[in-house]
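Every chain is numbered from 1, with letters handed out A, B, ... down the list of sequences. Quantities reported herein were computed from a predicted structural model and do not represent experimental measurements.
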Amino acid sequence: MGEKIVCVVGPTASGKTGLGVALAKRYGGEVVSVDSMQIYRGMAIGTAAPTEEEQQGVPHHMIAIADPRESFSVARFAALATDCIEDILHRGRLPILVGGTGLYLDAIVRGTVFAPGTQDGAVRRDLQERLEREGIAPLLDELSAIDPAAAARLAPADEKRILRALEVYRETGTTITEHNAQTQKIPPRYDASYLGLAFREREEQRRRIALRVSQMAAEGLVDEVRALLASGVPESATALQAIGYKELLPALRGESTVEEGLADITLRSCQYAKRQLTWLRRNPAIHWIFWEKSPDFEEALRLSTEFLTARGVG
RNA sequence: GGGGGAAUUCCCGAGUGGCCAAAGGGGACAGACUGUAAAUCUGCUGUCUACGACUUCGGUGGUUCGAAUCCACCUUCCCCCA
């Protein structure tokens, strides 16, 4: 087992930022954001990145460090975040990972080794072209021949993963099934204590999200999106795929209204929260704290401390 | 006041006598997830004592072996003329 770290997880708008800061102050820790969209600059409002005031003097890492024109990846994120964590540990402080991007968080804690190959690599481009020319069927057949397990596991419509599976084989000579089996044998890099935040009632979660969206609008979300576009961020950029941004593009093009865009943001955020919960639910190590009505951070800090003490943290 | 059109399962919307518990989309719910992950993909969605039965297509009453589909009347909504 590696060194002890704390992870605060939960769906969007569940109060992770608040608890993360409270824990950091209580334990002398620093926050590492594990969020696929907060890494981009100029997206503070829509990604609900912690403001200076919310940070309360606690050092925060991995926020607004990338240009929104570039594309990040799990592997890149995990590498940078791991550097941050190591640095915090070397300084004798407690790393507190706060974030909603499940894949990223798991990759960091487990120390996942990703197979080579990137989105804009030659192999991927080649496969992409073949997909456009020939359709998915021949590619899936090819995968069946080299990695029947993966071919059986993946749905024919899951083009993204089929291409990736073929890519891994071409880049490494090893099937993705084999690669995954190998990486799963690697012991976790960190000894993580997980605290999960969630609303007891789904409806309460929805209300909370709707409230947050209207606050974002009041803080100038529309202008934020406009500014990104004005600075040359293409609509196809990963950053503009973020919820809160892509839904406002039609309104900015005059094809829809801001009101409709905001309603769409609320809807997509609720659906996203649901997916986050699906991801988190399969991690039995998470110590859940459920909000009955609205967040009660004092109580949450008490429960968290109790749990962390039992786990030997602090 | 006259004329025309429409009412379908949570929503939108197909369906015009049997192959309809009813296409398709959305939403909801559940799940997956190893270099785009706030992304991508899958399943499921009338009820039940479930390889069968029962109740649904605005309401009531008819026609028919059989109706969401045909007829009559009623209710509501929309459009046109006045």
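Checking B:G1 for Watson-Crick or G-U wobble geometry (two distances, each under 3.5 Å) identifies B:C81 as its partner. Nucleotide B:C44 is matched to nothing when pairs are restricted to Watson-Crick or G-U wobble geometry with both distances under 3.5 angstrom. Summarising the base pairing, B:C19 is matched to no nucleotide, lacking a Watson-Crick or G-U wobble pair whose two defining distances lie under 3.5 Å. Applying the Watson-Crick and G-U wobble criteria (two distances, each under 3.5 Å), B:U63 pairs with nothing in any strand. When both pairing distances are held under 3.5 Å, B:A50 makes no Watson-Crick or G-U pair with any nucleotide shown. Across all strands shown, B:U76 is found opposite B:A6 as a Watson-Crick or G-U wobble partner, with both distances under 3.5 Å.
The nucleotide whose nearest atom lies closest to any side-chain atom of A:Ser36 is, among B:U34, B:G31, B:A37, B:A37. Ranking B:A37, B:C29, B:G27 by closeness to the A:Lys274 side chain, first place goes to B:C29.
A:Gln276 has no side-chain polar atom (N or O) that falls below the 4.0 Å cut-off from OP1 or OP2 of B:A37. A sub-4.0 Å separation between OP1 or OP2 of B:U34 and a side-chain N or O of A:Gln184 is absent. In terms of phosphate contacts, A:Arg275 brings no side-chain nitrogen or oxygen within less than 4.0 Å of OP1 or OP2 of B:A30. A:Arg202 has a side-chain polar atom (N or O) that falls below the 4.0 Å cut-off from OP1 or OP2 of B:A30. Close to B:A38, at under 4.0 Å from its OP1 or OP2, lies no side-chain N or O of A:Thr47. When the side-chain nitrogen and oxygen atoms of A:Thr278 are compared with OP1 and OP2 of B:G31, one or more of them lie within a distance under 4.0 Å.
Atom NZ of A:Lys160 and atom C1' of B:U40 are 4 Å apart (whole Å). At whole-Å resolution of the value, CD in A:Glu167 and P in B:U36 are 9 Å apart. Rounded to whole Å, the distance from CH2 on A:Trp279 to C1' on B:A38 is 14 Å. Separating the CD atom of A:Glu159 from the C1' atom of B:U36 is a distance of 14 Å, rounded to the nearest angstrom. One can place CZ of A:Arg164 at 11 Å from C1' of B:U36, the figure rounded to the nearest angstrom. One atom, CG of A:Leu103, and another, P of B:U40, lie 15 Å apart when rounded to the nearest Å. Per the geometry, CG belonging to A:Leu154 stands 11 Å off C1' belonging to B:U42, to the nearest Å. Remark: C1' of B:A38 and OH of A:Tyr104 are 10 Å apart, rounded to the nearest angstrom.
Atom C1' of B:G61 sits at a distance of 14 Å from the matching atom of B:A67, rounded to the whole Å. Rounded to the nearest Å, the gap between the P atom of B:A14 and that of B:A82 is 31 Å. Only the P atoms considered, B:U9 is 23 Å distant from B:G5, to the nearest whole Å. If you take atom C1' in B:C54 and the same atom in B:G62, they sit 24 Å apart, rounded to whole Å. With both ends at atom C1', the span from B:G27 to B:U60 equals 34 Å, rounded to whole Å. Atom name P, nucleotides B:G46 and B:C41: the rounded distance is 24 Å, in whole Å.
The residues A:Arg130 and A:Glu142 are annotated as salt-bridged, a charged nitrogen and a carboxylate oxygen being separated by less than 4.0 angstrom.
You won't find any donor-acceptor pair under 3.5 Å spanning the side chain of A:Arg268 and the base of B:A39, going by distance alone. You'll find a donor-acceptor pair under 3.5 Å spanning the side chain of A:Asp35 and the base of B:A38, going by distance alone.
Aromatic ring orientation, A:Phe77 versus A:Tyr104: tilted (interplanar angle from 30° to 60°).
The 5' end of RNA chain B is approached more closely, in terms of each residue's nearest nucleotide, by A:Gln119 than by the other of A:Gln119 and A:Ala157. With RNA chain B read from its 5' end, the first of the two nearest nucleotides for A:Lys246 and A:Ala75 is the one closest to A:Ala75.
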Check step by step if side-chain contact (heavy atoms from CB on, under 4.5 Å) holds for A:Leu195 and A:Ile286. CA-CA 6 Å; A:Leu195 287 160; A:Ile286 297 173; over 6 Å; no

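Between A:Ile63 and A:Ser33, the closest heavy-atom pair is CG1-CB, 3.5 Å. Closest approach of A:Glu292 and A:Glu204 over heavy atoms only: O-CG, 4.4 Å.
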